[in-house]
Each structure stands twice: as C-alpha cells, then as structure tokens.
A.B. asks: 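Take a look at the following structure, please.
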There are 2 protein chains.
Amino acid sequence: MSTETTSSKGRPAQRVTRQRLAIRALLTDIDGFRSAQQLHEELREAGDSVGLATVYRTLQAMAESGEVDGIRTDDGEMVYRQCSQGHHHHLVCRECGRTVEISAKLVEQWAQTVATEHGFRDAGHEIELFGLCSDC
Amino acid sequence: MSTETTSSKGRPAQRVTRQRLAIRALLTDIDGFRSAQQLHEELREAGDSVGLATVYRTLQAMAESGEVDGIRTDDGEMVYRQCSQGHHHHLVCRECGRTVEISAKLVEQWAQTVATEHGFRDAGHEIELFGLCSDC
DNA sequence: TTCTTTGCAAACCTTTTGCATATTC
DNA sequence: GAATATGCAAAAGGTTTGCAAAGAA
C-alpha cells in the first residue's frame, strides 16, 4: 500500500497554493458569474495577483471537480461561479444578468428518459432559462 | 411610394449572390449543424468556393433573419442549420456527434412556469441533452 | 527530492474588420 | 451608377500550451 494522497478518482492530488486559495476565496465572496479574465483582474486589483493562465487552469480544474459551475455566455465566453453544490440550473435575466438557481427534478427525469429511449447512455444535459426579471 | 425592395423590418435589402445561394443550398441538403468553417470547407470541396469571411457574414445575417438556427457548442463554436421551423431541442452524442431532434412539450411548459414563478417574463430557454449513443 | 503548479510569452482558433474590387439592382 | 457583397489578409478576442523556475508534499 502507498501513503500518497491520491483522490479516489485517480486524478493527481491537487496542491494547496496561494493562487488557488485566492481564487476560491474570491469566488466565495462574490455572487454572480465571472469570466477568467474578470477574476484575474479582480485579483490583481486586490493585490493578490495570479497569472492569467493559472486562473484559466484553476477554473478548469475546479469546474471538472465540480467545485465551481461553468457556463458559456452568449458570446462564447466561459463564466464561472462557486456552486452551492449539487446539480442545478439557472434562470438568468437577459438584461441585468441576475440569476436564480433552480432545481428541476422533473426535467432531470425527463432528460434521463428521453436519452434512454433513444439508446443513449451516460446522459447529461445543459439547461438554462432566460427572461426579463421583474426589475428590468 | 418607392420601388425599392426594402424589407418591412427596415433592414437593407439582401442581394441575391452566388455565394448566398450556395450556402443556402448546402444547408438545405444537409441535416445536422455545421460551423462556418465546416461549411466553408464543404463548399470548397464542392467546387463552389466562398470566402470564409463571407460564410461568417452570411450565416450571421441568416440567423438574424431567422432563416437559420444557430447554437453554440460546448467548446464555444457557433454551429448553424437551416431550421425546420418550430422550436425543438437536441440529444447529441458526445462521441460521434450524432444528433436526434426531440420535442419537449413537457419541458417547454415547465420552463414557462418556473420563469413566471420567479417574476420573469419573455422567457426562453436553452436545453441540450448529451450522452453516448448506442454505436459509441 | 520529487512531482505539481506557476508565469510568461508564444501559439491557437474562431470570429471580426478594413479596404479595394466585383456584383447586383 | 449607386449601393451592397465579396475576398483577402490583418486584427481581435478568448483560451491553451511549452518550458523553465518556484513551490508543495
């Protein structure tokens, strides 16, 4: 047996670095979605500068591990935010960007069923709702 | 009164060119979604070459006028297809890209309801299902 | 000491734009 | 002939990658 700290998923262990802590802390503080570039900028302003490439790599890793939630905006930019955890979707205001987190058991099941009916396995889905919120 | 051919929407009239006809014809022939780059390549192979920039510009115009349907893939690329019309969603194989068109009255309603419940109006949504198809 | 992470700059890719030329109306 | 469309090449963005140096375990 070994003494190494390897995740059960076989991925290499992630090391705790100033940069990762800074990114995680920032994401915890803020509410909405942020792009890698925005985070990079906000970190710089906060005097806790992190290389842009590192921000990208970290965000990717965090998204893969499920620690953050990444979606792609209309103009093709990836934006992330810390997810409360668990699987959920968003209702986003087209105007002001306000987002409401929604759970959707109904739709989850529907997605599974549809996929299975068509012979697809290992089904996943992407669902985002848009609209104009009451303030806009 | 004037004799000009201006659309009722006030946009400048679109001229009929070989390039536009070629793109439209190609989109009519094929089934799935294609990126601007793919179309550009397929046109070139068919000996009906069209400049890449023109493909981009044309697809944009067609999408705006509602003649084609454009969605953004997971990796941020825009893909288009002639829309059969009507609203629908897709079940896409993660491996081979095979797509099945699905209708989803259930989910449509759900989306409306959820949006309304949260005070959002003018609701729309984006729903894509993924999985591994039976061949993969 | 070993293996991972960082930073920087260069590379990538898709998409957009400027401008002279060609085309449609 | 006037206005729009095309092509090309260059510019823009956002994102990724190679590599040497720094840092965690």
Side-chain angles (χ1 to χ4, degrees), chain A residues 1-7 9-26 33-44 47-65 67-68 70-80, chain B residues 1-7 9-26 33-44 46-65 67-68 70-80 97:
Chain A
M1 61 182 249
S2 76
T3 47
E4 57 178 316
T5 315
T6 306
S7 90
K9 295 186 181 172
R11 269 192 287 271
Q14 293 211 126
R15 295 187 170 172
V16 176
T17 65
R18 174 185 69 77
Q19 291 80 340
R20 275 176 206 185
L21 292 175
I23 292 174
R24 181 174 304 150
L26 179 50
F33 285 93
R34 293 287 192 291
S35 69
Q37 314 246 13
Q38 290 175 314
L39 290 172
H40 170 253
E41 176 62 16
E42 292 185 29
L43 286 165
R44 205 182 54 61
D48 212 356
S49 207
V50 174
L52 180 56
T54 300
V55 176
Y56 273 105
R57 282 188 283 229
T58 303
L59 251 20
Q60 262 174 203
M62 290 173 118
E64 195 165 335
S65 75
E67 182 176 345
V68 301
I71 65 175
R72 203 176 280 278
T73 67
D74 253 18
D75 44 292
E77 206 181 4
M78 282 296 291
V79 288
Y80 302 86
Chain B
M1 64 181 250
S2 77
T3 48
E4 57 178 316
T5 315
T6 307
S7 90
K9 297 186 182 173
R11 270 192 286 271
Q14 293 211 116
R15 296 187 168 170
V16 176
T17 65
R18 174 185 70 76
Q19 291 79 341
R20 277 178 202 182
L21 292 174
I23 292 173
R24 181 174 303 149
L26 179 50
F33 284 94
R34 293 286 193 292
S35 69
Q37 315 247 14
Q38 288 176 314
L39 291 171
H40 170 254
E41 175 62 15
E42 292 184 29
L43 286 165
R44 205 182 54 62
D48 212 358
S49 206
V50 174
L52 181 56
T54 300
V55 176
Y56 273 105
R57 284 187 282 231
T58 302
L59 288 173
Q60 262 175 203
M62 290 172 119
E64 195 165 335
S65 76
E67 183 176 346
V68 300
I71 65 175
R72 203 176 281 279
T73 67
D74 251 19
D75 42 291
E77 207 181 2
M78 281 297 289
V79 288
Y80 301 86

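Labels below follow one simple rule: chain letters A, B, ... track the order of the sequence lines, proteins then strands, and each chain is numbered from 1. The analysis underlying the following values was restricted to heavy atoms, covering all of them including side chains, and did not include hydrogens, waters or symmetry mates. Remember, predicted model here, so these are calculated numbers, not experimental data.
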A.B. asks: Among all residues two or more places apart in sequence or in another chain, which pass the side chain to side chain contact (heavy atoms under 4.5 Å, CB included) test with B:A63?
C.D. replies: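 With neighbours one apart ignored, the set is B:V68, B:Y80.
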A.B. asks: Tell me: NE2 of A:H40 to P of C:dT6, nearest whole Å?
C.D. replies: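 Taking atom P of C:dT6 as the reference, NE2 of A:H40 is at 13 Å.
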A.B. asks: Measure from CG on B:L59 to C1' on C:dT14 and round the result to the nearest Å.
C.D. replies: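 Checked: the CG to C1' distance equals 13 Å.
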A.B. asks: Test of understanding: with salt bridge (charged side-chain N to carboxylate O under 4.0 Å, His left out), list the residues that count as partners of A:E67, not counting sequence neighbours.
C.D. replies: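 Per chain and number, A:E67 pairs via salt bridge (charged side-chain N to carboxylate O under 4.0 Å, His left out) with A:R24.
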A.B. asks: For B:Q60 and B:R57, indicate whether the former's side chain and the latter's backbone hold a donor-acceptor pair under 3.5 Å.
C.D. replies: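 No: the side chain of B:Q60 does not pair with the backbone of B:R57.
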A.B. asks: Using whole Å, report how far CZ of B:R15 lies from C1' of D:dG1.
C.D. replies: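 Distance check: B:R15 CZ to D:dG1 C1' gives 11 Å.
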A.B. asks: For A:E42, enumerate each residue passing the side-chain hydrogen bond (donor to acceptor under 3.5 Å, both in side chains) test, keeping only those at least two apart in sequence or located in another chain.
C.D. replies: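 Scan of A:E42 (side-chain hydrogen bond (donor to acceptor under 3.5 Å, both in side chains), adjacent residues dropped) gives A:R34.
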A.B. asks: B:R44: which residues meet the side chain to side chain contact (heavy atoms under 4.5 Å, CB included) condition with it, sequence neighbours left out?
C.D. replies: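 Result, side chain to side chain contact (heavy atoms under 4.5 Å, CB included) vs B:R44: B:E41, B:S49.
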A.B. asks: Restricting to side chain to side chain contact (heavy atoms under 4.5 Å, CB included), what partner residues turn up for B:L43, sequence neighbours left out?
C.D. replies: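 Expected list: B:A22, B:I23, B:L26, B:V50, B:V55.
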A.B. asks: How would you list, by chain and number, every residue that makes a salt bridge (charged side-chain N to carboxylate O under 4.0 Å, His left out) with B:R72, sequence neighbours excluded?
C.D. replies: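 Applying salt bridge (charged side-chain N to carboxylate O under 4.0 Å, His left out) to B:R72 gives none.
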A.B. asks: In whole angstrom, give the distance that lies between atom CG of B:D75 and atom C1' of C:dT14.
C.D. replies: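 To the nearest whole Å, that distance equals 10 Å.
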A.B. asks: Take nucleotides 6-16 of chain D nucleotide by nucleotide from the 5' end and write B, S or -, depending on whether a protein heavy atom sits under 4.0 Å from the base, only from the sugar-phosphate, or from neither.
C.D. replies: BBB-----SBB
A.B. asks: When the C1' atoms of the five terminal pairs at each end define the local axes, what inter-axis angle does the helix from C:dT1-D:dA25 to C:dC25-D:dG1 show, to 10 degrees?
C.D. replies: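 Comparing the first five pairs with the last five, the axes sit 30° apart.
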A.B. asks: With sequence neighbours left out, what residues match B:Q19 under side-chain hydrogen bond (donor to acceptor under 3.5 Å, both in side chains)?
C.D. replies: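 Scan of B:Q19 (side-chain hydrogen bond (donor to acceptor under 3.5 Å, both in side chains), adjacent residues dropped) gives none.
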